[in-house]
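In listed order, ligands and their atoms are each counted from 1.
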Amino acid sequence: MEKVILTGASDGIGKAIAIEFAKRGHTLALMARRQEKLEEVKALCMQAGASKVLTVPIDVADEEKFGKVLLETDDVLDGATIFIANAGVTGRSNFNDDAWATTKQCLQVNIMAAIQGLELMKLRMVKRKSGTLCGVTSIAAARGMPTAGPYSTSKAALAVHLETMRLDLIPYGVAVVDVAPGFIDTEMTKKNKGKMPLLAKPGDAAVVFVDGILNKKRFVAAPRTWRWIYPIIKMLPRPLFESLAARSYKKIRG
Ligand SMILES: NC(=O)c1ccc[n+]([C@@H]2O[C@H](COP(=O)([O-])OP(=O)(O)OC[C@H]3O[C@@H](n4cnc5c(N)ncnc54)[C@H](OP(=O)(O)O)[C@@H]3O)[C@@H](O)[C@H]2O)c1
């Protein structure tokens, strides 16, 4: 039976991942800012078959409180076996006076808080010589995506951090999983103006993610087709990538 700490569990992909773990009978600690939404997800998880569900209201961008609450939650669970840094916000390229403020907000949640959680749980899991650390990145980590500067940057940084952690943790028996959603139909993507190829439902993606996490895969993409498209995007010669990017930029910006 796994004991899972999951951030960003009140909505979207996190909510779907929580319910999928619950269907398989695991224990969950659900973190996000909106307590009432967490309680709704808890009820759905208990109905679905979770053995135990804790709700932990927390703003992961509050470094001091998040660090404290995360370690307390790990203690309450008597050692989480899986930690998933899923909480994330979108981050558009911004040409207004608040460009740095919006960029910083995105980097704070998507990089700083995610890596803080992973680093704190890494130390706990290394001591226990077991566990799985997961970060929810994105296919937007593959290249610098047009109009999504801060977001692409944040996800690429997280993906690289996960890769390094995986190599560092081999001797300690701790697995590291890069969970990379394609386009998933959530509140986050409702704001997108461009085309969203292979748009998937959160519940369908969660089945793929939870299978991958439980099997300690290095990289799990959903929908699965992105597993093959992602490395191709990464390898595209720069002029070809830039001309494709310019076309999609035109569609988004008009
Ligand atoms: N949807 C997609 O197509 C897609 C594609 C690639 C990657 N992703 C990644 O998948 C993850 C989940 O995205 P989603 O689509 O499910 O987004 P979403 O529906 O907007 O949900 C975001 C979740 O993160 C939580 N969150 C945001 N800021 C937080 C903060 N400061 N402290 C604590 N929790 C916070 C939100 O909870 P509260 O508001 O209650 O705090 C919510 O539970 C993100 O990392 C996102 O970047 C999504």
Side-chain angles (χ1 to χ4, degrees), residues 5-20 28-42 44-45 55-67 69-70 73 84-92 102 104-118 134-142 145 148 150-159 161-162 177-206 208-209 213 219-223 226-227 229-230 233:
I5 301 179
L6 170 66
T7 70
S10 63
D11 210 350
I13 295 170
K15 175 180 174 181
I17 288 177
I19 292 169
E20 189 55 37
L28 287 148
L30 308 175
M31 295 187 172
R33 288 165 300 182
R34 288 170 293 169
Q35 167 112 50
E36 67 292 351
K37 295 280 280 179
L38 285 178
E39 293 305 328
E40 282 170 32
V41 179
K42 176 180 176 172
L44 292 170
C45 286
T55 56
V56 187
I58 183 73
D59 181 349
V60 296
D62 185 332
E63 185 180 331
E64 205 180 317
K65 278 195 192 145
F66 176 47
V69 161
L70 179 60
T73 305
I84 308 172
N86 166 69
V89 291
T90 195
R92 294 265 152 228
T102 59
K104 190 174 163 191
Q105 190 192 18
C106 171
L107 304 186
Q108 182 65 44
V109 176
N110 295 10
I111 306 184
M112 300 299 281
I115 295 180
Q116 183 192 4
L118 290 164
C134 314
V136 176
T137 62
S138 169
I139 49 162
M145 299 297 175
Y151 188 74
S152 252
T153 302
S154 70
K155 294 301 181 178
L158 181 57
H161 191 79
L162 291 166
V177 182
D178 180 339
V179 175
F183 293 105
I184 314 294
D185 190 6
T186 67
E187 280 306 312
M188 186 179 279
T189 43
K190 283 192 178 47
K191 295 164 199 155
N192 281 0
K193 288 185 191 155
K195 268 195 184 162
M196 292 189 277
L198 305 170
L199 183 69
K201 291 190 183 120
D204 294 340
V208 178
F209 292 146
I213 292 167
F219 179 81
V220 200
W226 284 108
R227 182 170 175 75
I229 305 173
Y230 185 93
I233 297 174

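Atom 13 (O) of ligand 1 has its closest protein heavy atom at Met188 CE, 3.9 Å. The protein heavy atom nearest to atom 22 (C) of ligand 1 is Gly88 O, 3.8 Å. From the protein, the heavy atom lying nearest to atom 35 (C) of ligand 1 is Ala87 CB, 3.8 Å. For atom 31 (N) of ligand 1, the nearest non-hydrogen atom of the protein is Asp59 OD1, 2.8 Å. Closest protein heavy atom to atom 15 (O) of ligand 1: Thr186 OG1, 2.6 Å.
Residue contacts with ligand 1 do not include Ala140, since none of its heavy atoms lies under 4.0 Å from the ligand. Contact analysis leaves Asp185 out of contact with ligand 1, as no non-hydrogen atom separation drops below 4.0 angstrom. Using a 4.0 Å heavy-atom cutoff, Tyr151 is listed among the residues neighbouring ligand 1. Residue contacts with ligand 1 leave out Thr7, since none of its heavy atoms falls under 4.0 Å from the ligand. The shortest heavy-atom distance from Lys15 to ligand 1 is not under 4.0 Å.
Atom CD of Glu36 is surrounded by more than 12 heavy atoms from other residues, nucleotides or ligands within 6.0 Å. The number of heavy-atom neighbours closer than 6.0 Å to CD of Gln105, taken from other residues, nucleotides and ligands shown, is 12 or below.
Counting the atoms of ligand 1 from 1 in the order shown, those under 4.0 Å from a heavy atom of Thr189 are 1 (N), 2 (C), 3 (O). Shown in contact with Gly8 at under 4.0 Å from a heavy atom are these atoms of ligand 1, numbered in order with element: 23 (C), 24 (O), 25 (C), 43 (O). Annotation for ligand 1: atoms under 4.0 Å from non-hydrogen atoms of Ser10 are 36 (C), 37 (O), 38 (P), 40 (O), 42 (C), 43 (O). Atoms of ligand 1 found under 4.0 Å from any heavy atom of Arg34 (numbered from 1 in listed order, with element): 37 (O), 38 (P), 39 (O), 40 (O). Contact atoms of ligand 1 toward Val136: 9 (C), 10 (O), 11 (C) (distance under 4.0 Å to a heavy atom of the residue). Taking a cut-off of under 4.0 Å to the non-hydrogen atoms of Ile58, the atoms of ligand 1 that pass are 32 (N), 33 (C). Every atom of ligand 1 is numbered from 1 in the order shown, and the set under 4.0 Å from a heavy atom of Gly12 is 16 (O), 19 (O). Counting the atoms of ligand 1 from 1 in the order shown, those under 4.0 Å from a heavy atom of Phe183 are 3 (O).
Closest non-hydrogen pair, Val179 versus Cys134, comes out as CG2-CB, 4.3 Å.
Ser152 places a side-chain N or O within donor-acceptor distance of the main-chain N or O of Met145, the cut-off being under 3.5 Å. Thr55 contributes no side-chain N or O that, together with a main-chain N or O of Glu39, makes up a donor-acceptor pair within less than 3.5 Å.
Looking only at side-chain heavy atoms (C-beta outward), Thr186 and Ile13 come within less than 4.5 Å of each other. Looking at Met31 and Val69, their side chains come closer than 4.5 Å, going by heavy atoms from C-beta outward. A 4.5 Å side-chain heavy-atom check between Ile115 and Leu158 finds at least one atom pair inside the cut-off. Annotation: side chain of Val56 is not in contact with side chain of Phe66 (no heavy-atom distance under 4.5 Å). Counting heavy atoms from C-beta on, the side chains of Leu198 and Ile229 come closer than 4.5 Å.
Between Arg33 and ligand 1, at least one N/O pair is under 3.5 Å apart. Checking only distances, Gly182 does come within under 3.5 Å of ligand 1, N or O to N or O. Considering backbone and side-chain N/O of Ile184, one or more are found under 3.5 Å from N/O of ligand 1. Checked by distance only, ligand 1 and Val60 come closer than 3.5 Å through their nitrogen or oxygen atoms. Backbone and side-chain nitrogen or oxygen atoms of Ser138 are examined, and none is located within less than 3.5 angstrom of a nitrogen or oxygen of ligand 1.
The proximity of Leu38 to ligand 1, defined as any non-hydrogen pair under 4.0 Å, does not occur for either the backbone or the side chain. For Lys155, every heavy-atom contact with ligand 1 shorter than 4.0 Å involves the side chain, none the backbone.
Below 30°, between 30° and 60°, or above 60°: for Phe183 and Trp226 the angle between ring planes is above 60°, a perpendicular geometry.
Applying side chain to side chain contact (heavy atoms under 4.5 Å, CB included) to Thr73 and the options Ile58, Ile5, Leu30 leaves one that passes, Ile5. Each of Met188, Glu187, Glu40 was scored for a side chain to side chain contact (heavy atoms under 4.5 Å, CB included) with Asp11, with one residue passing: Glu187.
For the residues Ile13, Asn86, Ile17, Leu158, the heavy atom positioned nearest atom 11 (C) of ligand 1 is part of Asn86.
Within the model, atoms NZ of Lys155 and CG of Asp178 stand 9.5 Å from one another, a figure rounded to the nearest 0.5 Å.
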Point to revise | Criterion side-chain hydrogen bond (donor to acceptor under 3.5 Å, both in side chains) on Asn86 and Thr7, from CA distance to verdict | key: CA-CA 5 Å; Asn86 166 69; Thr7 70; 5.4 Å; no

